[in-house]
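Here it is, the structure, as structure tokens.
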Amino acid sequence: MSKTYKIAVFAGDGIGPEVTREALKVLDITAEMAGFKVDCKHFPHGSEHYLETGELLPDEVLEEVRGMDAVYLGAIGDPRVEVGLVERAVIAGLRFNLDLFVNLRPIRLMADKFCPLKGKTSKDVDFVVVRENTEDAYAGIGGILKKGTPNEVAMQQMVYTRHGVERVVRYAYETARKRDRQKKLLLVDKANAIRAQDIWTRTFAEVGEEFPDIEQDHAYVDAACMWMIKNPESFDTVVTTNLFGDIITDLGAVLQGGMGVAASGNINPGQVSLFEPIHGSAPKYKGQNVSCPIAAIAAVYMMLHELGEISSASKIEHAIEKVLNREDVNSVSASSGVSTDEWGDRVIEALRQL
Ligand code: IPM
Ligand code: MN
């Protein structure tokens, strides 16, 4: 009997459903080629569902998802709803409730022509960011007092626990070891200004003793942004806080060609994990069939990799690489001239030719 993977799908808002459609199309063909099965259950949760029903992410859904093999998410966000409400409930809700403490964001340039940096090629942009995913300013400790008055007070706490920092730092050292490239782990923080981040400095050094084969490096986040542009080839594996990881991976997405190609895995090793493109819901392109689904398709290969379907994962990765290197492909933006479904078809065509 072939293996069946149960996947919870939250296609979400804006361009989410159309890029998810293409991602699942590629997943289906890959499964057929490799001889495993996928059983996708679609969940409607997102802004539309919230506007219709007032429901965000109920506990029963979380319970059901916990019993599945993986979660796939398209995009969440809709300008008709209060800023961040549904994103926090669904994306952050899944990250926190499933304790997906790693946000793995590979930054790999797959086609030289998409590099915005003068003189850099695919050889120079190939690193991975391990973003902490359950703490920091995202922990939800904070609020606003005396709102709208001259005495208004607004605050949001950056929360770091030894347990939370240690587990993600250890995962990052293991990642650097597995990559087996520069065998170097870079800690990105702002411990000079944010003294609470001293917990990162100390934990990084202490856990590092278990990894004598991995070189320890450090950069403050402002300098790290500069180095990412100046010398991306010096990066191998990066570990950082939730907020800084969010910010530097948008910068990283541009180095690899744009938001149209950047994918991520929200991971709790060995447990149900969630995979999604890094981009948002791009409401203005909703339903127009112009958005590039490559990032969404790349999230599928990250998912298959985590599920242990390593050879299928690398086939999709190679197919994407082939498609991006086609001479008639000049852009991965909404104005690329390649429609959303055509992108999916091209990846499938490349898969079949591998
Ligand atoms: C991301 C997004 C989210 C984040 C938002 C939508 C809450 O920007 O996944 O990078 O900040 O984590
Ligand atoms: Mn982000």
Side-chain angles (χ1 to χ4, degrees), residues 10-17 19-20 23 45-50 56-57 70-107 128-142 156-160 164 168 188 221 224-225 228 238-268 273-286 291 293-296 298-300 302-303 306:
F10 295 80
D13 306 325
I15 61 167
V19 297
T20 299
H45 305 85
S47 303
E48 199 72 57
H49 182 75
Y50 171 70
L56 286 164
L57 186 68
V71 184
Y72 184 89
L73 187 141
I76 301 285
D78 187 310
R80 293 171 298 169
V81 181
E82 180 196 317
V83 174
L85 176 74
V86 187
E87 292 90 321
R88 283 199 311 279
V90 179
I91 305 181
L94 287 162
R95 286 177 184 167
F96 281 64
N97 285 293
L98 301 175
D99 202 21
L100 307 175
F101 65 91
V102 171
N103 196 326
L104 190 66
R105 299 189 155 186
I107 314 288
V128 59
V129 176
V130 177
R131 166 186 175 191
E132 199 288 319
N133 212 28
T134 55
E135 303 194 331
D136 202 3
Y138 285 74
I141 310 286
Q156 190 89 23
Q157 296 296 314
M158 288 177 148
V159 179
Y160 309 110
V168 78
V188 170
V221 65
C225 290
M228 275 172 73
V238 178
V239 66
T240 191
T241 64
N242 202 341
L243 182 60
F244 295 159
D246 176 48
I247 297 166
I248 67 169
T249 54
D250 268 31
L251 182 57
V254 173
L255 297 185
Q256 65 186 130
M259 298 307 277
V261 296
S264 67
N266 298 259
I267 297 170
N268 185 332
S273 295
L274 179 154
F275 301 84
E276 55 174 339
I278 292 186
H279 65 65
S281 61
K284 69 175 174 184
Y285 297 123
K286 177 182 175 169
S291 300
I294 292 292
V300 169
M302 293 190 73
M303 177 169 82
E306 196 63 27

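As the structure lists them, so they are numbered: ligands from 1, and atoms in each ligand from 1. Residues take their numbers from the sequence shown, with the count starting at 1.
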Is the Mn ion (ligand 2) less than 2.8 Å from at least one N/O/S atom of Asp246? yes
Name of the residue among Asp246, Asn103, Thr241 meeting side-chain hydrogen bond (donor to acceptor under 3.5 Å, both in side chains) with Asn133: Asn103
Working to the nearest 0.5 angstrom, can you tell me the gap between Ile248 CD1 and Leu255 CG? 10.5 Å
Residues two or more places apart in sequence or in another chain: which of them pass side chain to side chain donor-acceptor pair (under 3.5 Å) with Tyr285? none
Distance dump, ligand 1 polar atoms to protein, N/O, under 3.5 Å:
residue, atom, partner, partner atom, Å
ligand 1, 8 (O), Asp246, OD1, 3.3
ligand 1, 9 (O), Arg95, NH2, 2.7
ligand 1, 9 (O), Arg105, NH2, 3.0
ligand 1, 10 (O), Arg105, NH1, 3.2
ligand 1, 10 (O), Arg105, NH2, 3.1
ligand 1, 10 (O), Arg131, NH1, 3.4
ligand 1, 10 (O), Asp246, OD1, 2.8
ligand 1, 11 (O), Tyr138, OH, 2.6
ligand 1, 12 (O), Arg95, NH1, 2.7
ligand 1, 12 (O), Arg131, NH1, 3.3
ligand 1, 12 (O), Arg131, NH2, 2.8

With Glu276 via side chain to side chain donor-acceptor pair (under 3.5 Å) - residues at least two apart: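 In terms of side chain to side chain donor-acceptor pair (under 3.5 Å), with neighbours along the sequence ignored, Glu276 is linked to Arg95, Asn266.
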Keeping to residues at least two apart or across chains, list the side-chain hydrogen bond (donor to acceptor under 3.5 Å, both in side chains) pairs with something in residues 76-93.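 Pairs touching residues 76-93 that pass the test: Glu48-Arg80, Asp78-Arg80.
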Any side-chain donor-acceptor pair under 3.5 Å between Ser273 and Asn268? no
